[in-house]
Amino acid sequence: MSARPAMPAPLDAPAPPRPDQPADIRARLGLRPIINVSGTMTALGASIVVPEAVAAVASVLREFVEIDDLQRKASGVIARLTGGEAGFVTASCSAGITLAIAAAMAGADLAAIERLPDATGMRNEVPILLGHMVGYGAPVEQAIRLAGARPVPVGQATEAEPYQMAGAIGPRAAAVLYVVSHHTVEYGQLSLEEVAEAAHATGVPVIVDAASEYDLKGFLARGADLACYSAHKFLGGPTAGIVAGRKALVRAAYLQNRGIGRGMKVGKEGMVGAIAALEAWEKRDHAAVRARARAALDLWREALGRRAGIRAEIVPDPTGNPLERLRVWVDPAAARITPWDLADALAAGRPPVIVRDHEVELGWFQLDPCNLHAGEERVVARRLEEELDRAHAANAPIATSLAERRRRRTTAVLAWPD
Ligand SMILES: *Cc1c(COP(=O)(O)O)cnc(C)c1O
């Protein structure tokens with residue numbers, strides 16, 4: 001059990017300064033000092049990079065290194081942490097998926113590597129469960145097509161059978177892609193073991209997209225030939241990706257850097273940062289991290305507990321990562337505001353608080369404590385109370401239609417850089 005936190009400071013206390021940190025560059029650039037309770041989001045700068053990785057990045061930036069040697073070192077660290085035979089650092093998990101698919105197509109044939117994404121004469125089909133065809137800011141199936149391959153959807157969105165997977169793995173199958181994510185359909189999907197059995201029956205490798213999964217060993221142990229991770233999510237590394245698994249396939253994926261991988265280049269800073277983040281992960285006090293997160297959840301639940309129209313419950317991560325979030329149900333009639341208007345008000349406030357709202361039409365958003373700086377949890381609690389007070393005092397309920405909200409967001413996306 002996690003220990004109770006020390007007495008919380010008053011809700012309006014400012015966040016304590018971070019004396020070991022350089023001045024916040026956001027002020028100089030005129031950027032809003034957002035507080036991130038949405039999780040690890042590319043659009044918000046991913047995660048808090050751990051001090052070990054910050055130091056490693058700073059120490060290599062001015063030096064030259066032999067990149068193949070640096071990636072050899074990375075391979076050793078990745079192998080130790082994942083249980084795979086080898087590994088390397090990529091630009092991102094998404095890049096890792098594309099390089100892994102390309103490896104399954106072109107292998108270590110240097111001429112074929114230069115021909116991609118023209119896949120003439122190569123195996124070019126990639127079966128993937130339809131319920132796994134998700135987006136994470138871009139469609140996962142586009143990461144397949146980028147290599148010159150063709151995704152082959154398997155089953156229906158909410159159900160799949162082993163015979164459907166077996167039937168989709170034909171003579172042109174290069175690899176099967178298996179996605180582990182809270183984005184996938186949460187029921188009716190085949191297990192990794194079932195997919196691996198079908199693929200390995202005809203010698204086709206299984207690539208796992210495990211971008212956000214804390215489990216560094218499990219997917220390779222359960223039958224994946226390659227597993228791809230993000231370095232900038234739970235690991236707290238700089239933006240990078242990790243590919244791990246069977247040595248021959250890892251080598252083939254690495255060699256794609258001489259082809260389509262060139263446009264997905266990771267630099268020396270990404271490599272040393274990812275190595276440092278992996279080494280720090282081995283030593284991290286995971287229990288203490290969880291206790292801190294739990295204290296924030298308890299604080300928010302208490303702050304919201306007596307509010308009209310609000311129900312807050314602590315929920316586990318849907319894919320089994322060792323983390324919890326606070327699900328905040330908002331009854332628009334009693335709270336006098338919709339959950340999405342509350343989310344938008346928090347995002348527009350001072351300081352901006354960005355909540356996890358991608359399922360908000362279900363009547364709730366979530367607060368994710370995994371990317372908080374010390375003290376920010378109290379600011380979040382205060383901002384929630386202020387916005388709920390404001391809604392309660394307003395003349396009319398605050399209720400934008402979801403369609404209108406979506407339209408506004410799309411308009412804003414298309415208006416960049418204005
Ligand atoms: C974040 C994510 C990705 C993309 O990872 P990057 O390292 O940002 O490219 C891919 N798949 C899933 C399931 C993700 O959550």
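Residue numbers count from 1 along this sequence. Please read these numbers as outputs of a predicted model, since none were measured by experiment. Remember, it's 1-based here, ligands and their atoms both numbered in the order they're listed.
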Contact region, Ser92 to ligand 1, non-hydrogen atoms below 4.0 Å, reads both

(Q) Any salt bridge linking Arg383 with Glu386? Criterion: basic side-chain nitrogen under 4.0 Å from a carboxylate oxygen. (A) yes

*Do NZ/NE/NH1/NH2 and the carboxylate oxygens of Lys73 and Asp69 come within less than 4.0 Å?*
no

ask   = Looking only at heavy atoms of His182, does any of them come nearer than 4.0 Å to an atom of ligand 1?
value = no

Tell me whether the rings of His358 and His182 are parallel (<30°), tilted (30 to 60°) or perpendicular (>60°).
tilted

for atom 5 (O) of ligand 1, nearest protein heavy atom and its distance come out as Ser230 OG, 3.1 Å

Closest to atom 8 (O) of ligand 1 (heavy atoms only, candidates His132, Met41, His232) is His232

Donor-acceptor pair, Thr82 side chain versus Leu216 backbone, under 3.5 Å? no

At under 4.0 Å between heavy atoms, what of Cys93 touches ligand 1? The answer is both

Short N-O contact, Glu114 and Arg258, less than 4.0 angstrom = no

Exactly one of Arg327, Arg325, Arg356 clears salt bridge (charged side-chain N to carboxylate O under 4.0 Å, His left out) with Asp317, and that residue is Arg325

Quiz item: Between His132 and Tyr178, how do the two ring planes meet: parallel, tilted or perpendicular, split at 30° and 60°?
Solution: perpendicular

The answer for which part of Thr42 has a heavy atom under 4.0 Å from ligand 1 is side chain

the protein heavy atom lying closest to atom 4 (C) of ligand 1 turns out to be Tyr136 CD1, 3.6 Å

Under 4.0 Å from one or more heavy atoms of Ser212, ligand 1 contributes atoms 15 (O)

When distances are taken from atom 11 (N) of ligand 1, the protein heavy atom at minimum range is Asp209 OD2, 2.6 Å

Nearest non-hydrogen protein atom to atom 1 (C) of ligand 1, with distance, is Lys233 NZ, 1.4 Å

_Within the structure, is a non-hydrogen atom of Gly241 found at a distance of less than 4.0 Å from ligand 1?_
no

Handout entry: Ionic contact status for Arg222 with Asp215, cut-off 4.0 Å
Key = no

Ligand 1 atoms nearer than 4.0 angstrom to some heavy atom of Ser181 are 13 (C)

min-distance protein heavy atom vs atom 9 (O) of ligand 1 -> Ser94 N, 2.9 Å

Under 6.0 Å from the CD atom of Glu197, do we count more than 12 heavy atoms belonging to anything else shown? no

